[in-house]
Amino acid sequence: MKKSKLTQNQAITLNELNNPTMDIKEIQDLIRFVAKSGVTEVELEKEGFKLVIKAERAVEQQVVTVPAVMPQTVQVAAAPAPVAAAPVPAAPVAESPKSSTHADEARYIAIKSPMIGTFYRTPGPDKDPFVKVGDEIQKGQVVCIIEAMKLFNEIESEISGKIVKILVDNASPVEYDQPLFLIDPA
Amino acid sequence: MHTFRPTTRFIGQYFRHLAEVGSTSDELLLEADTLPEGAILLADCQNAGRGQNGRVWQAASGQHLTFSLLLKPQFLPASELYSLNMLIALGLVDALSRFSQENLLLKWPNDIFAACRKLGGMLIETNLQGNYVRQAVIGIGLNINESMREKDGLRAISLYDLTGTTHDRYQLLEQIADCLEHRYLTYQQMGAGNLLMEYQRKLLGYQENRTFQITDGAQFKGMIMGVNNAGKLLVRHHDRLRAYAHGEIKMLFEDEIAID
């Protein structure tokens, strides 16, 4: 978890921090700044004035509970910064119901689309799907095809585990980094 | 007979010529882990070759070039894979232009056209793990030594039709290997550069008024403005620019246009 305190020096660079009696707009601006910066807590203290801003959704919590912002499986530890940077203020919360804080779901990892294209669950029109909910899959196993420009890309799972949820309908368009499957890692 | 001796570094250096196979791409995929990058599998006859929309490619035995090429473009992020489609298509045009003066064009997304007829096509299949391209198998079919122009119901043409002569397929394949490798190494070393611009310049119907048909059957007049960074076709209709994925739109030829 990132935690930083703005020192007096850093604060001077921000107009809104110069005035000890901040108005609502300045505080809003500061909250926005904190959200963008990716830090989870800021304490600002001047004479007769103290302001503490905490981003409740800590980096780790986001990673495990919000499928939409989950980094690609193994990158979890490697790249926390971009994760924290983008989605703090209005993350796509719609995709993460309150119940997702449940301990079981906290373990789930998303397989995401590496490219813009069309998502196919089957290898061909009249074929069986590559995987179904409940299937145990192995690392390297093909889980779907993403097609773009008639380039057919077989997407292989980077982890072994059980398919918990399929997040996209067959033959629908997908965006870069869009979660496709939720996996309960083995 | 000419033996196959490409002057390349790796494309075609592993080479196998089969009389008959289900599909050269399927065969190559089976052995992809053990074969070197650049491996080419040529077949005189494919009885389950993949053509457009899953249609089986009907190739008269030994008359055409139907082969697959194995690449391992691990330097290429998955999100830029459409570049592979473009550089292969342009490489094929480079090579065929060494044999024919005809203006060769690319029909989005992956066909080669001459004189408004199909000279060949390609289909790329890759395996991705995360953002990492493990391998790409490129299936290519080119009409070479059999006249295709007279075949009813096919909007096809062959190199024979264009040049009035037959061609040694090995010689042709050597030139193709050379041009594909040049395009591939240039991309690897220099990045995309002008690739998209070059592709668009060769695009059939680029910046011309054409008739299009969309999935629900509706036809409209529009203009191809290019291809976006997801490989989608950009078509302008009145003042609106829209990006279409493969399968969402079809550019029609004269005889396919509904009479108003």
Side-chain angles (χ1 to χ4, degrees), chain A residues 70-79 82 109-120 122-127 130 137-161 168 170-181 183 185, chain B residues 25-26 29 32-33 48 50-55 71 73 76-89 106-111 121-139 196 199 203 215 227-233 243-248:
Chain A
M70 226 180 295
Q72 229 145 15
T73 55
V74 291
Q75 293 172 5
V76 171
I109 291 176
I111 298 176
K112 299 170 125 194
S113 178
M115 61 202 299
I116 303 171
T118 307
F119 171 84
Y120 290 104
T122 66
D126 305 316
K127 307 270 172 64
F130 290 106
I137 58 162
Q138 299 301 312
K139 182 175 190 267
Q141 186 174 335
V142 175
V143 290
C144 66
I145 284 177
I146 307 281
E147 178 266 339
M149 219 179 163
K150 264 188 106 179
L151 207 122
F152 293 85
N153 306 285
E154 291 191 338
I155 308 302
E156 299 174 357
S157 178
E158 290 172 285
I159 47 157
S160 300
V168 182
N170 188 45
S172 36
V174 289
E175 293 299 318
Y176 173 73
D177 234 20
Q178 182 174 340
L180 307 171
F181 299 90
I183 308 295
Chain B
S25 285
D26 285 349
L29 276 166
D33 286 342
R50 282 189 282 287
Q52 211 164 5
N53 306 326
R55 262 178 275 156
L71 292 176
L76 194 67
S79 56
E80 280 167 41
L81 259 171
Y82 64 91
S83 298
L84 190 63
N85 209 331
M86 294 184 186
L87 73 89
I88 299 286
L106 301 170
K107 183 164 176 289
W108 181 86
N110 57 354
D111 286 332
M122 55 187 249
L123 203 147
I124 304 183
E125 292 160 278
T126 75
N127 285 73
L128 308 181
Q129 264 193 30
N131 201 28
Y132 163 82
V133 184
R134 209 156 52 73
Q135 64 196 27
V137 168
I138 297 127
L196 179 63
Y199 178 86
L203 205 52
T215 326
V227 173
N228 74 5
N229 63 2
K232 290 187 178 181
L233 190 69
Y244 294 90
H246 159 66
E248 289 178 345

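Numbers restart at 1 for each chain; the letters A, B, ... are given by sequence-line order, proteins then strands.
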S.K.: Once rounded to the nearest 0.5 Å, what's the spacing between atom CZ of B/R134 and atom CD of A/E156?
M.R.: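 Reported value, rounded in 0.5 Å steps: 4.0 Å.
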
S.K.: Going by atom types only, do A/E158 and B/Q129 share a side-chain donor-acceptor pair under 3.5 Å?
M.R.: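 B/Q129 and A/E158 do not have a side-chain donor-acceptor pair below 3.5 Å.
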
S.K.: Of the options B/I88, B/T126, B/L123, which is the one that meets A/L151 in a side chain to side chain contact (heavy atoms under 4.5 Å, CB included)?
M.R.: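 One option only clears the test, and that one is B/T126.
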
S.K.: So how far is it from B/L128 CG to A/I145 CD1, rounded to the nearest 0.5 Å?
M.R.: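 One gets 10.5 Å once the value is rounded to the nearest 0.5 Å.
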
S.K.: Under 3.5 Å, is there a donor-acceptor pair between the side chain of B/N85 and the main chain of A/M149?
M.R.: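 Checked: pair present.
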
S.K.: Measure across A/P114 and B/G130 and return the closest heavy-atom pair with its distance rounded to 0.1 Å.
M.R.: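 For A/P114 versus B/G130, the nearest heavy atoms are CB-O, 3.3 Å.
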
S.K.: When rounded to the nearest 0.5 angstrom, what distance separates CG in A/N153 from CG in B/L84?
M.R.: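 Atom-to-atom, A/N153:CG and B/L84:CG are 9.5 Å apart.
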
S.K.: Need one label for B/M122: side chain, backbone, both or neither, based on atoms under 4.5 Å from any heavy atom in chain A.
M.R.: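 No part of B/M122 comes within 4.5 Å of chain A.
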
